[in-house]
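By convention in this document, chain letters (A, B, ...) are assigned in the order of the sequence lines, proteins followed by strands, and residues within each chain are numbered from 1. Values reported hereafter were calculated over all heavy atoms of this structure, with side chains retained and with hydrogens, waters and symmetry mates removed.
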Amino acid sequence: MNIVVCAKVIPASSVTIEIDPNTKCMVRKGVAHELDPAAASALEEGLRLVEKQGGEVTVVTMGINEVTTGIRNALAMGANRAVHILDDALAGSDTLATARALAAAIKKESFDLVLCAAESSDSYSGIVPGQLAQLLGIAPLTFAKEITVEGKKITIKRQSESGYDVVEAELPALVAVASGINEPRYPQLKGIMAAKKKEIKQCKAADLGLKPEQVGSAGAREKVLSIGRPPVRQAGKIVTDEGEGGKQIADFLVELKVI
Amino acid sequence: MAELIWVYAEVVEGKITPTTLEILSKAAEVGTAEAILLGPAPDDAVKTLGDYGAGKIYRSPDPVFHDCLTLPAIKTIAGLIEKHHPELMLFASSYAGRDLAAALSVVLDSGAITDVGDFVLKDGRVEASIPALGGSYLNTTTLAGSGTKILLVRPKSFEPKARPQTASVEDVEAPSDPSVRKARVTDRVAVEQEGPDLEGARVIVAGGRGLREAEKFSLLRQLADLLGGAVAATRAVVDAGWVPYSLQVGQTGKTVKPDLYIACGISGAVQHLSGMKGSKTIIAINKDPEAPIFQVADLGVVGDVFKVVPQLIDDLKKRKGA
């Protein structure tokens with residue numbers, strides 16, 4: 001089976017994400033990037049499936065030059081090849097414009113299954129998977145905690161408010177994996193070396209048949225009007241425990257009339 | 001004339017969800033509120049929605065809406081929107097809400113605003129406040145275009161307010177198109193809940209990675225019991241399998257606003273802060289003085305959780321005994 005994994009590459013966890021007051025977008029240029037751990041989990045599921053059943057894993061991502069480190073990491077984990085949608089015209093994309101670009105790139109691939117994270121670890125909107133499934137006309141199997149594929153049938157355990165639902169569909173389908181579905185592998189030296197020879201196909205919006213008015217800030221329906229800071233919470237009291245920390249909390253609870 | 005605002009009424013475990021009623025209350029406050037209720041629902045669902053401000057309810061009890069994820073609802077709601085053109089279509093940031101908003105934003109080519117904490121509507125233009133990056137920013141966002149605007153609203157953003165009236169009901173038909181049956185729910189498994197309900201708890205004692213192992217959660221349970229509260233956890237702890245997902249507080253997981261939140265061994269990742277920042281009073285215990293959790297704490301103790309919490313428990317026991 002052939003699998004496409006949508007893998008977002010995001011500012012590294014060591015980076016404090018800022019919003020640029022002019023573009024009103026997250027500052028990404030010049031910032032260290034890494035493969036989103038949530039996307040690494042989606043990729044891990046894909047790699048395990050092809051290890052069992054054969055086939056190839058193609059990683060599709062969209063982003064600026066800085067995301068290349070994350071793509072290399074995905075290839076080093078074991079993805080066979082990568083498609084990188086790289087185009088300045090994509091700057092300012094909202095979820096819908098992003099999903100459109102990803103869907104256009106995925107349509108150029110032959111796939112039985114599309115895997116992605118239920119939500120990215122930088123913006124957490126959580127709707128790109130549902131948008132992608134709709135654009136591709138395939139079943140949206142979101143919030144998957146476990147995936148089983150038998151022939152053309154895919155079954156997932158889907159997170160629910162009270163536990164999980166068992167959901168089945170026929171391939172092709174889209175599965176968005178919940179965080180914690182697996183522990184993604186670390187790339188080994190052999191994988192890192194092999195990754196250097198693997199293909200990263202770069203493409204622009206026009207190569208995917210997208211019109212300028214469909215992508216980037218021109219295609220975005222969502223417009224950020226202003227960015228601000230919420231009312232500052234009054235600074236609390238910070239103490240260092242010198243053997244009385246627990247008692248200090250108890251005193252505070254008395255003050256609060258909790259006890 | 002007041003602007004038409006639709007709310008997707010969600011039924012979970014046989015009950016209209018609290019978030020549905022919160023959003024409906026807000027809709028009724030700023031416009032003419034109507035609800036969409038699809039699939040099996042409790043007998044009093046129509047009355048409940050009316051009580052919280054819905055003047056009209058589009059209704060189908062067809063089980064297909066329950067059995068095939070959101071696919072049938074996408075079709076039905078898109079059809080209703082194209083016919084009636086509400087200004088706003090509101091969903092809760094829930095599993096079903098997110099999938100519905102996602103698909104409809106494509107079908108209607110409208111886009112969608114996620115994570116809405118508040119909104120205003122003026123002359124067909126919506127301005128939504130979004131607590132971004134775990135609440136370190138508060139952005140104002142709008143949707144371009146003239147059609148229906150789709151918003152995903154965070155739980156506990158609005159107060160549910162009863163404004164009793166009798167809602168009229170318009171029956172709608174379920175789609176018969178086989179494409180809406182592409183995904184089928186074949187089983188529903190409830191994982192046993194432990195302890196009191198998180199969303200209603202006045203006191204919450206939460207643990208993070210700093211607890212180092214699953215067994216240490218018993219310490220937090222003792223503390224919660226003494227305070228009549230509930231136990232919660234961060235995503236990292238749930239992902240590690242220490243406690244069930246039902247205890248997860250954060251961007252994914254539950255949004256809570258208790259009177260008191262005691263964060264033990266929690267660093268305060270964006271993911272977690274989003275779900276608990278609205279707590280009235282926050283106490284944090286963490287060994288790292290730089291941990292972001294201290295920025296939102298009313299009282300922060302820099303120290304070892306395994307020393308501070310047992311001492312707190314002993315002290316509370318003494319005071320209770322006295």
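- The shortest distance between side-chain heavy atoms of A:Leu141 and B:Leu69 falls below 4.5 Å.
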For B:Leu227 and A:Val258, what are the C-alpha separation, side-chain angles and deciding distance, and is it a side chain to side chain contact (heavy atoms under 4.5 Å, CB included)?
-> CA-CA 8 Å; B:Leu227 297 170; A:Val258 174; 4.0 Å; yes

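- For a residue to count as touching a neighbouring chain, one of its non-hydrogen atoms must lie under 4.5 Å from one of that chain's; by this rule B:Ile74 touches chain A with the side chain only.
- Considering every non-hydrogen atom in both A:Pro140 and B:Leu71, the closest pair reads CD-CD2, 3.8 Å.
- The choice from A:Ala178, A:Gly243, A:Ser123, A:Ala118 that makes the most heavy-atom pairs within less than 4.5 Å of chain B is A:Gly243.
- Side-chain contact between A:Lys237 and B:Asp298 is absent, with no heavy-atom pair separated by less than 4.5 Å.
- At a threshold of 4.5 Å between non-hydrogen side-chain atoms, the residues A:Leu256 and B:Leu260 count as touching.
- Of the atoms belonging to B:Leu316, it is side-chain heavy atoms, and not backbone ones, that fall under 4.5 Å from chain A.
- With respect to A:Val224, the side chain to side chain contact (heavy atoms under 4.5 Å, CB included) criterion is satisfied by exactly one of B:Thr142, B:Asn139, B:Thr140: B:Asn139.
- Proximity to chain A (any heavy atom under 4.5 Å) is shown, for B:Val309, by neither the backbone nor the side chain.
- Looking only at heavy-atom pairs under 4.5 Å with chain B, the residue among A:Ile181, A:Ile238, A:Asp94, A:Ile19 that has the most is A:Ile19.
- Contacts of B:Leu299 with chain A are made by both backbone and side-chain atoms, with heavy-atom separations under 4.5 Å.
- By the neighbour-count criterion of 12 heavy atoms within 6.0 Å, atom NZ of B:Lys75 is sparsely surrounded, having that number or fewer from other residues, nucleotides or ligands.
- Heavy-atom distances place no part of B:Ile130 under 4.5 Å from chain A, backbone and side chain included.
- Remark: B:Lys182 engages no residue in a side chain to side chain donor-acceptor pair (under 3.5 Å) (not counting sequence neighbours).
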Kindly list each side-chain donor-acceptor pair under 3.5 angstrom involving residues 233-244 of chain B, sequence neighbours excluded, with atom names and distances?
residue, atom, partner, partner atom, Å
B:Arg235, NE, A:Ser179, OG, 3.4
B:Asp239, OD1, A:Ser179, OG, 3.1
B:Asp239, OD2, A:Ser179, OG, 2.8

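- Of the atoms belonging to B:Ile285, it is side-chain heavy atoms, and not backbone ones, that fall under 4.5 Å from chain A.
- Chain B forms more heavy-atom pairs under 4.5 Å with one residue of A:Ala139, A:Ala173, A:Ser125 than with any other, namely A:Ser125.
- With a 4.5 Å cut-off on non-hydrogen atoms, B:Thr252 touches chain A through its backbone and its side chain both.
- The pair B:Lys287-A:Asp241 does not count as a salt bridge, with every side-chain nitrogen at least 4.0 angstrom from each carboxylate oxygen.
- Residue contact with chain B, scored on non-hydrogen atoms closer than 4.5 Å, involves the backbone and the side chain of A:Leu225 alike.
- Side-chain atoms of B:Arg98 and A:Thr142, non-hydrogen and from C-beta on, never get closer than 4.5 Å to each other.
- Chosen from B:Gly300, B:Ala284, B:Gly303, the residue pairing most often with chain A at heavy-atom distances under 4.5 Å is B:Gly300.
- If you tally non-hydrogen atom pairs under 4.5 Å between each of B:Asp314, B:Ile313, B:Ile282 and chain A, the highest count goes to B:Ile282.
- Between B:Ala112 and A:Ile127 the shortest heavy-atom distance is CB-CD1, 4.0 Å.
- Residue B:Phe294 touches chain A through both its backbone and its side chain, counting heavy-atom pairs closer than 4.5 Å.
- Ion pairing of B:Arg319 with A:Asp251 is present here, as a side-chain N (NZ or NE/NH1/NH2) and a carboxylate O approach within less than 4.0 Å.
- Under a cut-off of 6.0 angstrom, the local environment of CZ in B:Arg181 is sparse, with at most 12 non-hydrogen atoms contributed by other residues, nucleotides or ligands.
- When B:Asp99, B:Leu152, B:Leu104 are compared by the number of non-hydrogen pairs under 4.5 Å with chain A, B:Asp99 comes out ahead.
- Within 6.0 Å of the CD atom in A:Glu150, the count of heavy atoms belonging to other residues, nucleotides or ligands does not exceed 12.
- Here the CG-NZ distance, from B:Leu143 to A:Lys223, works out to 10.0 Å after rounding to the nearest 0.5 Å.
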Would A:Tyr124 and B:Thr114 count as a side chain to side chain contact (heavy atoms under 4.5 Å, CB included) if you check the C-alpha gap in whole Å, the side-chain angles of each, and the deciding distance to 0.1 Å?
-> CA-CA 9 Å; A:Tyr124 288 115; B:Thr114 59; over 6 Å; no

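- Chosen from B:Ser110, B:Pro310, B:Gly145, B:Ala101, the residue pairing most often with chain A at heavy-atom distances under 4.5 Å is B:Ser110.
- Chain B is approached within less than 4.5 Å, heavy atom to heavy atom, by A:Arg158, A:Gln159, A:Ser160, A:Glu161, A:Ser162, A:Gly163, A:Tyr164, A:Asp165, A:Val166, A:Val167, A:Glu168, A:Ala169, A:Glu170 from residues 154-171 of chain A, ordered by number.
- Heavy atoms of B:Asp315 lying under 4.5 Å from chain A belong exclusively to its side chain.
- Side chains of B:Asp109 and A:Arg221 form a contact here, defined as non-hydrogen atoms less than 4.5 Å apart.
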Passes side-chain hydrogen bond (donor to acceptor under 3.5 Å, both in side chains), B:Gln271 versus A:Ser121? Steps please.
-> CA-CA 8 Å; B:Gln271 152 72 230; A:Ser121 309; over 6 Å; no

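- Separating the OG1 atom in B:Thr281 from the CD atom in A:Glu255 is a distance of 10.0 Å, to the nearest 0.5 Å.
- Using a 4.5 Å cut-off between heavy atoms, B:Glu10 touches chain A through its side chain atoms alone.
- Your options are B:Asp115, B:Asp67, B:Ile283, and the one with the most heavy-atom pairs under 4.5 Å with chain A is B:Ile283.
- Within a 6.0 Å radius of CZ in B:Arg202, no more than 12 heavy atoms belonging to other residues, nucleotides or ligands are found.
- A:Val128 does not touch chain B: none of its heavy atoms, backbone or side chain, sits under 4.5 Å away.
- A heavy-atom distance below 4.5 Å is not found between the side chains of A:Met26 and B:Tyr137.
- For the set B:Ser105, B:Ala297, B:Ser94, the count of heavy-atom pairs under 4.5 angstrom toward chain A peaks at B:Ser105.
- Residues of residues 129-136 of chain A lying under 4.5 angstrom from chain B, judged on non-hydrogen atoms, are A:Gly130, A:Gln131, A:Gln134, A:Leu135 in numerical order.
- In this structure, the separation between OG on B:Ser179 and CD1 on A:Ile138 is 13.5 Å, given to the nearest 0.5 Å.
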